[in-house]
Amino acid sequence: MNKIYLSNTITKKKEEFIPIKKNRVGFYSCGPTVYAYPHIGNMRTYIMNDILKRTFVFNGYIVKHIMNITDVGHLTSDADSGEDKLEKAKLKEKKSAWDIAKYYTDIFKDYSNQLNILPPTKYVRATDCIKQQIKLVKILDKKGYIYKTKDGMYFDTSKLKDYGKLSGQDLKSLKAGARIDMADKKNPTDFSVWKFSPENSQRDMEWKSPWGIGFPGWHLECSVISTKYLSQPFDIHTGGIEHIPIHHTNEIAQSEAAYGKKMANYWIHFEHLIMREAKMSKSSGDSITLNNLKEKNINPLALRYLTLQTHYSKHLEFSWDSLNAAYIAYNKLGNKLSTFDNNGTVNMKYINKFNSVINDDINTPQALAIIWTIMKDDNIKDEDKKATIYSIDNVLGLNLEMYEVPEIPTNIIELADKRWQAKKNKEWDIADNLRKEIFSKGYTIKDLADKYIIIAND
Ligand code: AMP
Ligand code: ZN
């Protein structure tokens, strides 16, 4: 089996992947919080998850992939203050928290499907494992890690010598950096494992527990679900980069304190998609979703192509221009390949090259570059190019085999019509500028005797 190297957050090194069980990977990804439409930043994280997973499959591994669905307990601040995101959304949308969770879970699955993201082996909702979460808190309680405050049961982080090892910060610096409302916590880094429902609570989601009626702390579900389905330790845990100092640090604290074993061997974190230097966030309201792409007649797979262009450890700076350019490149590739004959032979020289690049910390920009090198290689027959690139696409997931030529978007048709009118009125400057605008959006106008045609740029 070929070697795979990954940048492991916990060791801060690029390391060879060594599985716990031969040829198998236990893979856990933090899933979405289902209170709003996932934005394209969230989806970048899930595209990268998918490519990482497909890389293992390409290399012959059997992957067991578990993903939680956060439908309770994630507060508006990751650091245990504010409202539960679902309970807050329910007030705005005038639906029950259960209905909100169901609606946005379905949306997440639909978006994943549109982006050709393979479903995990199993999705597990936080609310489906409340009993197990209570059991974990009981274990922690018995071992003396838990104390009570006015609003819930908290984990005493000062009881763990290596708390903060994931981010590389010791407790002292984490304490100093924490911007947390201390309330009556012992340490700023202490986190809730069980929150009490407020008096006269209007919550839809609450349960009885030995400590009082309430709901689990957000980090608990991932500790419980990963251990239940993948055991402990398991191979790989993934998530967005902001999870390092709080969510994943606290998952590790709970799981390792409860069971006295390492939680996971490899921690992989994906950098954010940003807009104008700011992280895209669901709560800020300026987020872009796949629906917005559809309104502009952009195939969601253009976002997948755009994602491939930047390594997962770097910010992906989003702009509509860069997405349009990615869409043009994606169409050019899909279009061209669809004109080649089938039944070609896979070129092993290029497959090996691709394999070594993708196994080197999932280097998707170089993988894309290899595709274009193949396209330009005059020594390879077209049908062999097609077979080779389709094989590579098992990892990149652009779904090139199913590529369909896009219909001309309505905005382009409208611009072309305006240009035709301008031309008829002899408004040459206007007509010329419109032609340029249409070209920048990926289309060329060809004028015939008494009409025009629109074709996609080559
Ligand atoms: P959430 O639904 O808020 O729990 O987030 C789902 C996933 O998206 C998590 O793994 C986050 O780390 C990730 N995420 C959140 N914002 C961004 C962003 N701007 N770019 C990339 N990933 C993000
Ligand atoms: Zn998690």
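Please read these numbers as outputs of a predicted model, since none were measured by experiment. Note that ligands are numbered from 1 as they come in the structure, with each ligand's atoms numbered from 1 the same way.
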Undergrad: Can you list the residues that meet the ring pair (Phe, Tyr, Trp, His ring centres under 6.0 Å) rule with F17, with sequence neighbours excluded?
TA: F56, Y61, Y266
Undergrad: Select the closest option to atom 18 (C) of ligand 1 among H243, E271, R44, H272, judged by heavy-atom distance.
TA: H272
Undergrad: Need the ligand 1 atom indices (1-based, order shown) with element for anything under 4.0 Å from a heavy-atom of H39.
TA: 16 (N), 17 (C), 18 (C), 19 (N)
Undergrad: Identify which of L316, T33, T45 has a heavy atom lying nearest to atom 13 (C) of ligand 1.
TA: T45
Undergrad: Near E242, which atoms of ligand 1 are under 4.0 Å from a heavy atom of that residue?
TA: 11 (C), 12 (O), 15 (C)
Undergrad: Among all residues two or more places apart in sequence or in another chain, which pass the side chain to side chain contact (heavy atoms under 4.5 Å, CB included) test with N265?
TA: I20, P233, K262
Undergrad: To the nearest 0.5 Å, what is the distance between OH on Y403 and CG on L301?
TA: 10.5 Å
Undergrad: To which of S287, G240, P32 does the heavy atom nearest atom 10 (O) of ligand 1 belong?
TA: G240
Undergrad: Are the side chain of N250 and the backbone N or O of H247 linked by a donor-acceptor pair below 3.5 Å?
TA: no
Undergrad: Below 30° counts as parallel, above 60° as perpendicular, anything between as tilted: where do the rings of F318 and W320 land?
TA: perpendicular
Undergrad: Do side-chain atoms of D235 reach the backbone of P19 as a donor and acceptor pair under 3.5 angstrom?
TA: no
Undergrad: By number and element, which atoms of ligand 1 are closer than 4.0 Å to a non-hydrogen atom of L273?
TA: 18 (C), 19 (N), 20 (N), 21 (C)
Undergrad: Using a strict cut-off of 2.8 Å, how many protein N/O/S atoms surround the Zn ion (ligand 2)?
TA: 4
Undergrad: Hey, does N42 come in under 3.5 Å of ligand 1, counting only N/O atoms on both sides?
TA: yes
Undergrad: May I ask you to check whether F196 and F215 place their ring centres under 6.0 Å from each other?
TA: no
Undergrad: Give the table of side-chain donor-acceptor pairs shorter than 3.5 Å for residues 100-107, with sequence neighbours excluded, one pair per line with atom names and distance.
TA:
unit_1 : atom_1 : unit_2 : atom_2 : d
K102   : NZ     : D106   : OD2    : 2.6
Y103   : OH     : Y37    : OH     : 2.6
Y104   : OH     : E93    : OE2    : 2.6
T105   : OG1    : A101   : O      : 2.5

Undergrad: Taking non-hydrogen atoms only, is Y46 closer than 4.0 angstrom to ligand 1 via side chain, backbone, both or neither?
TA: side chain
Undergrad: Check this for me, if you would: do D50 and R304 make a salt bridge, where the nitrogen-to-carboxylate-oxygen distance has to be below 4.0 angstrom?
TA: yes
Undergrad: Do S356 and N2 have side chains that approach each other closer than 4.5 Å (heavy atoms only, starting at C-beta)?
TA: no
